[in-house]
Number of protein chains: 2
Amino acid sequence: MRDERFCASNCPFTRAIGTIGNKWKPIIINVIGTRTVRFGQMDSIIPIISRKVLAEQLKELEEDGLLERMAYKELPPRVEYKLSEKGLAFLPILDSIKEWNCKYEVTPLTEAPGQKSRITYAADLIDRKTFVPKKIAKVATDAVIKD
Amino acid sequence: MRDERFCASNCPFTRAIGTIGNKWKPIIINVIGTRTVRFGQMDSIIPIISRKVLAEQLKELEEDGLLERMAYKELPPRVEYKLSEKGLAFLPILDSIKEWNCKYEVTPLTEAPGQKSRITYAADLIDRKTFVPKKIAKVATDAVIKD
DNA sequence: CAGGATCCTATTCGATACTG
DNA sequence: CAGTATCGAATAGGATCCTG
């Protein structure tokens with residue numbers, strides 16, 4: 001998920017793309033935003049990502065200094081993630097990507113206007129109301145069977 | 001390479017990530033920049049991408065309105081690519097990603113200072129001097145054999 | 001020259017089960 | 001709760017050959 005060839009480049013731009021150039025990391029960074037978020041929260045906000053991939057991406061983001069992980073020695077365990085200074089500095093870039101898309105997208109879907117914070121927005125986007133992810137469909141099927 | 005689930009989201013940010021959220025497209029857009037570039041040029045500027053993947057990415061970028069493809073009816077054929085207005089509007093975002101990385105990267109490699117244009121810079125980054133890509137190594141081997 | 005088609009391999013990803 | 005381990009399926013990607 002991190003392209004080591006890109007990261008080994010002597011070009012800072014290429015290295016940056018090697019680090020954050022995939023589809024999950026911008027989404028994760030955007031979802032965390034300025035908040036402090038627990039692992040399970042992220043998993044339910046972004047239901048289409050599997051817990052395995054989520055854990056992998058979070059680990060890489062931590063290694064690359066984009067976020068800070070705080071594990072509390074409790075039972076049941078509690079782990080909180082928040083963006084580092086580097087990660088926070090990336091948020092304006094994500095905002096500009098959204099603005100860019102809104103301005104130039106050929107066939108934009110209808111979008112409810114109003115005051116959407118970064119987080120509620122991100123939550124709206126990739127969730128069960130927007131498109132039915134596989135694992136949610138699976139859960140629904142199970143529920144029907146149980147009934 | 002385009003995540004259709006992301007593109008079907010009702011969130012413009014998620015759709016944007018579904019469109020350009022991979023490692024190749026930012027590189028390609030950056031390499032083209034404000035120039036008009038031929039297919040073969042791109043293939044030699046970015047030697048680590050295979051021609052197949054390059055063609056696929058270019059087609060998607062064209063479909064998404066980021067670049068314009070001009071095919072001249074000549075023999076041998078000549079095809080030129082240049083960024084559309086939408087694609088050009090994405091360049092400042094790529095610049096800000098580079099600046100962000102330069103400012104916050106934990107262990108940046110040494111970088112030669114000086115006046116580097118977008119293009120020569122991109123060419124430096126992913127090429128045979130930076131790290132030896134497989135197909136260049138192959139070509140070199142062939143050359144040795146020929147000699 | 002600029003690709004398309006084909007075949008094959010490597011990598012990613014998801015589902016499931018398990019643990020401290 | 002917050003992961004990790006394992007396995008199998010899906011996908012990305014490379015090599016090669018072919019064509020207008």
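Rounded to whole angstrom, the span from the CD atom of A/Glu56 across to the P atom of D/dA2 amounts to 18 Å. A/Glu74 places its CD atom 13 Å from the P atom of D/dG3, with the value rounded to the nearest Å. Taking atom CD1 of residue B/Ile46 and atom P of nucleotide D/dG14, one finds them 12 Å apart after rounding to whole Å. Between A/Ile48 atom CD1 and C/dA15 atom C1' there is a gap of 16 Å when expressed in whole angstrom units. We find that CG of A/Leu58 is positioned 16 Å from C1' of C/dC13, with the value rounded to whole Å. Nucleotide C/dG3 holds its P atom 8 Å from the CG atom of B/Leu54, rounded to whole Å. B/Glu80 has its CD atom 16 Å from the C1' atom of C/dG3, to the nearest Å. Atom CG of B/Asp43 is separated from atom P of C/dA2 by 9 Å (rounded to the nearest Å).
The aromatic rings of A/Phe39 and A/Tyr81 are tilted relative to each other, their planes meeting at an angle between 30° and 60°.
Contact annotation: B/Trp24 side-chain N/O to D/dA12 OP1/OP2 distance is not under 4.0 Å. Between A/Arg51 and D/dC1 there is no side-chain N or O to OP1 or OP2 distance below 4.0 Å.
One hydrophobic cluster holds both B/Trp24 and B/Leu54 under the rule that ILVMFWY side chains link at heavy-atom gaps under 4.5 Å.
If B/Arg38 and A/Leu75 are placed on DNA chain C by their nearest nucleotide, the residue sitting closer to the 5' end is B/Arg38. Mapping B/Lys52 and B/Gln41 onto DNA chain C via the closest heavy atom, the residue that lands nearer the 5' end is B/Gln41. For the pair A/Ala55 and A/Pro76, both in contact range of DNA chain D, the more 5′-proximal nearest nucleotide belongs to A/Pro76.
Residues B/Ser84 and B/Gly65 approach most closely at OG-O, 2.6 Å, considering heavy atoms.
Distance from the side chain of A/Met1 is smallest to C/dT12 among C/dT12, D/dG3, D/dC1. With C/dG3, C/dC1, D/dA2 as the choices, the nucleotide that has an atom nearest any side-chain atom of A/Phe39 turns out to be D/dA2. Considering only the side chain of B/Pro77, C/dC1 comes nearest among C/dC1, C/dG14, C/dT12. For A/Lys59, whose side chain is taken as the heavy atoms from C-beta onward, the closest listed nucleotide among C/dA2, D/dT4, D/dA2 is D/dT4. Checking D/dA15, C/dC13, D/dG3 against every side-chain atom of A/Val79, the shortest atom distance belongs to D/dG3.
For CD of B/Glu63, the number of neighbouring non-hydrogen atoms (other residues, nucleotides, ligands) closer than 6.0 Å is greater than 12.
Note on B/Tyr72: nothing from the nucleic acid sits closer than 4.0 angstrom, heavy atoms only. Using a 4.0 Å heavy-atom distance criterion, A/Arg2 is classed as making no nucleic acid contact. Contacts of B/Lys23 with the nucleic acid, taken as non-hydrogen atoms under 4.0 Å apart, involve only primed sugar atoms and P, OP1 or OP2. Residue-level contact check: B/Lys73 touches neither bases nor backbone, having no heavy atom under 4.0 Å from any strand.
Taking the six-membered ring for Trp, A/Trp100 and B/Phe13 have ring centres at least 6.0 Å apart.
Checked by distance alone, A/Arg78 brings no side-chain donor or acceptor within 3.5 Å of a matching partner on the base of D/dA2.
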Run the salt bridge (Lys or Arg N to Asp or Glu O under 4.0 Å) check on A/Lys82 and A/Glu68 step by step: do they pass?
CA-CA 5 Å; A/Lys82 68 184 182 71; A/Glu68 292 161 14; 3.1 Å; yes
